[in-house]
2 protein chains.
Amino acid sequence: MARPRTPLLSRERIVEAALALVDAEGLEALSTRRLAAELSVSGPSLYNHFATKDELLDAVVDSVMGEVDLGMFAPDTRSGGGAGSGGDWRTALRDWARSYRAALAGHPHIVPVLAQGPGRRPNALRLADAVYGCLVEAGWPRGQATRIGALMRYFITGSALGSFAAGFPEDVQLYAGDYPHLGEAHRLAEHRRAVDEGAFETGLEALLDGLALRFERGGTDHNGSEGPTATAPTAPSPHSVSGPA
Amino acid sequence: MARPRTPLLSRERIVEAALALVDAEGLEALSTRRLAAELSVSGPSLYNHFATKDELLDAVVDSVMGEVDLGMFAPDTRSGGGAGSGGDWRTALRDWARSYRAALAGHPHIVPVLAQGPGRRPNALRLADAVYGCLVEAGWPRGQATRIGALMRYFITGSALGSFAAGFPEDVQLYAGDYPHLGEAHRLAEHRRAVDEGAFETGLEALLDGLALRFERGGTDHNGSEGPTATAPTAPSPHSVSGPA
DNA sequence: ACCTGAACACCGTTCAAGT
DNA sequence: ACCTGAACACCGTTCAAGT
């Protein structure tokens with residue numbers, strides 16, 4: 001069989017199969033030959049749909065980013081504050097963070113790829129655009145909005161990259177003697193979900209509390225004297241020169 | 001030449017060369033043959049010193065973890081508060097976080113491996129032990145101390161995993177039209193260090209502010225009603241049954 | 001246009017052989 | 001004990017050949 005009358009493959013079918021394979025067996029199980037076998041075609045067939053394996057991986061990553069809800073950033077559909085009221089950034093950020101984490105937690109093996117940045121992936125750029133736009137409209141100075149987008153991504157991808165709890169082997173012997181405070185660490189894996197979700201929620205709320213403190217202190221338009229971040233270099237405000245409002 | 005009178009390789013020399021290779025060319029450049037060539041030996045020689053490539057990677061990761069300063073957690077060498085005074089956890093955590101991030105930022109390509117958890121790596125376990133011990137001695141309930149260790153790791157590894165700023169291509173065309181708030185995003189890469197460090201410092205300080213709020217609210221011994229984290233499951237306190245004090 | 005098998009330069013790892 | 005070359009089952013990717 002050479003070219004069939006109706007194509008055996010499509011980008012969608014390939015991306016779907018690739019994600020399923022990565023989810024089930026990890027990134028290193030994703031080889032072009034293995035994936036092709038899963039799709040009942042020969043290895044080189046994939047190159048009719050993607051130029052390289054990296055391009056395929058990019059599409060897989062963006063399909064995961066597409067699962068993240070951005071509805072909370074739509075400016076019109078929310079009540080309780082018109083343009084520039086600046087009160088709801090916190091709720092929006094919390095909802096978004098949870099949706100983002102949930103999407104990544106469903107596909108943990110792809111997180112290292114995704115965490116390299118948005119690149120040219122449309123869903124990743126849409127996400128960055130929405131978060132930044134929300135913060136600026138809420139009254140955050142542009143430089144701070146950029147930083148908040150970055151630090152939220154740090155926390156969320158970090159939390160999805162690997163389970164904290166599952167990182168500790170279930171082996172009592174390992175901890176005995178050498179690590180005086182880790183006497184019960186071998187039991188962490190049992191409570192994996194509770195520990196990881198509790199840590200995420202605690203961190204998220206602490207982050208939002210800390211940011212709210214700065215928001216109150218900082219006002220909406222001054223960029224200097226940013227509180228306790230004395231050692232931080234002053235980040236530029238590189239997203240947009242003329243603001244939307 | 002077969003077995004030389006004085007060994008050509010050692011674990012240390014191999015780990016050092018592997019880290020240099022990963023730093024210079026990325027994780028995917030680290031192949032046993034390439035690494036062996038760098039060390040002027042043949043590929044299989046490495047298997048006299050490490051059972052598998054994974055075991056070698058583990059040693060590389062732990063050598064990076066060994067760069068992290070843990071001196072701020074030593075209970076005796078600090079002044080201004082005896083045992084149980086519980087005031088200095090914040091300073092210690094900040095200093096540790098900066099040292100941790102600096103170590104990882106020097107070797108960004110290894111972070112995805114390292115973020116899988118401590119496993120059986122001694123330097124990673126020592127680090128977890130020190131952080132948890134510091135928090136418990138400062139008066140944090142054990143469950144919260146576990147969560148804080150986890151969420152700090154989320155934030156730090158996330159910040160070292162990939163530059164936020166460098167993730168946006170330097171291509172004006174890419175953003176025009178489709179992403180209304182990203183008009184200046186193409187300039188982010190220029191200011192890479194300032195943006196990434198500013199975001200890290202802002203997030204770190206916000207996190208510590210938020211945690212300090214909880215510490216004041218929570219007291220030292222009650223575990224319920226943990227403030228705004230209403231949806232968080234109650235994490236267990238798995239590190240140690242009988243505390244150190 | 002879209003699939004195939006053969007081929008290229010790579011992988012990690014095993015193993016018998018050398019000293 | 002510690003190194004070697006040969007070999008195994010894999011990789012990503014190219015390409016001529018088929019319809």
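By convention in this document, chain letters (A, B, ...) are assigned in the order of the sequence lines, proteins followed by strands, and residues within each chain are numbered from 1. Quick note: numbers below take in every heavy atom, side chains included, and nothing from hydrogens, waters or symmetry partners.
Remark: the backbone N or O of A/Gly198 is paired with a side-chain donor or acceptor of A/Thr202 at under 3.5 angstrom. Judged purely by atom type and a 3.5 angstrom limit, B/His109 has no side-chain atom pairing as donor or acceptor with the backbone of B/Leu27. Using modelled atom types, one side-chain atom of B/Arg13 and one backbone atom of B/Leu8 make a donor-acceptor pair closer than 3.5 Å.
Taking the six-membered ring where tryptophan is involved, the planes of A/Tyr179 and A/Tyr175 are perpendicular, since the angle between them exceeds 60° and thus also 30°.
Less than 4.0 Å separates DNA chain C from no heavy atom of any residue of residues 11-29 of chain A. Using a 4.0 Å cut-off on heavy atoms, the residues of residues 33-49 of chain A that approach DNA chain D are A/Arg33, A/Pro44, A/Tyr47, listed by number.
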Identify the pairs formed between an N or O of the protein and an N or O of nucleotides 16-19 of chain C at a distance under 3.5 Å, and give each distance.
{"residue": "C/dG18", "atom": "N2", "partner": "B/Arg3", "partner atom": "N", "Å": "2.8"}

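A/Tyr154 is linked by a side-chain hydrogen bond (donor to acceptor under 3.5 Å, both in side chains) to B/Asp196, counting only residues two or more places apart in sequence or in another chain. Every residue two or more places apart in sequence or in another chain that forms a ring pair (Phe, Tyr, Trp, His ring centres under 6.0 Å) with B/Phe155 is listed here: B/Phe200. Contacts of B/Ala36 classified as side chain to side chain contact (heavy atoms under 4.5 Å, CB included), with partners at least two apart in sequence or in another chain: B/Val41, B/Leu46. Applying the salt bridge (Lys or Arg N to Asp or Glu O under 4.0 Å) rule to B/Glu190 yields the partners B/Arg187; only residues at least two apart in sequence or on another chain are considered. The side-chain hydrogen bond (donor to acceptor under 3.5 Å, both in side chains) check on B/Ser31 picks up nothing, with sequence neighbours excluded. Take A/Thr52 and apply the side-chain hydrogen bond (donor to acceptor under 3.5 Å, both in side chains) test, not counting sequence neighbours, and it matches no residue.
Atom pair B/Lys53:NZ and C/dT14:C1' shows a separation of 17 Å (rounding to whole Å applied). Put simply, CG on A/Leu30 is 15 Å from C1' on D/dC10, counting in whole angstrom units.
Applying the side-chain hydrogen bond (donor to acceptor under 3.5 Å, both in side chains) definition to pairs two or more places apart or across chains, those involving residues 15-29 of chain A are A/Asp23-A/His107, A/Glu25-A/Arg34. For residues 56-71 of chain A, the salt bridge (Lys or Arg N to Asp or Glu O under 4.0 Å) pairs, not counting sequence neighbours, are A/Asp58-A/Arg121.
Here CD1 of B/Ile110 is found 7.5 Å from CG of B/Leu30. Values are rounded to the nearest 0.5 Å.
With a 3.5 Å limit on both pairing distances and Watson-Crick or G-U wobble geometry required, the stems of 3 or more pairs in DNA chain D span C:4-8 with D:12-16, C:12-16 with D:4-8.
Looking at heavy-atom distances under 4.0 Å, B/Thr32 makes contact with a base.
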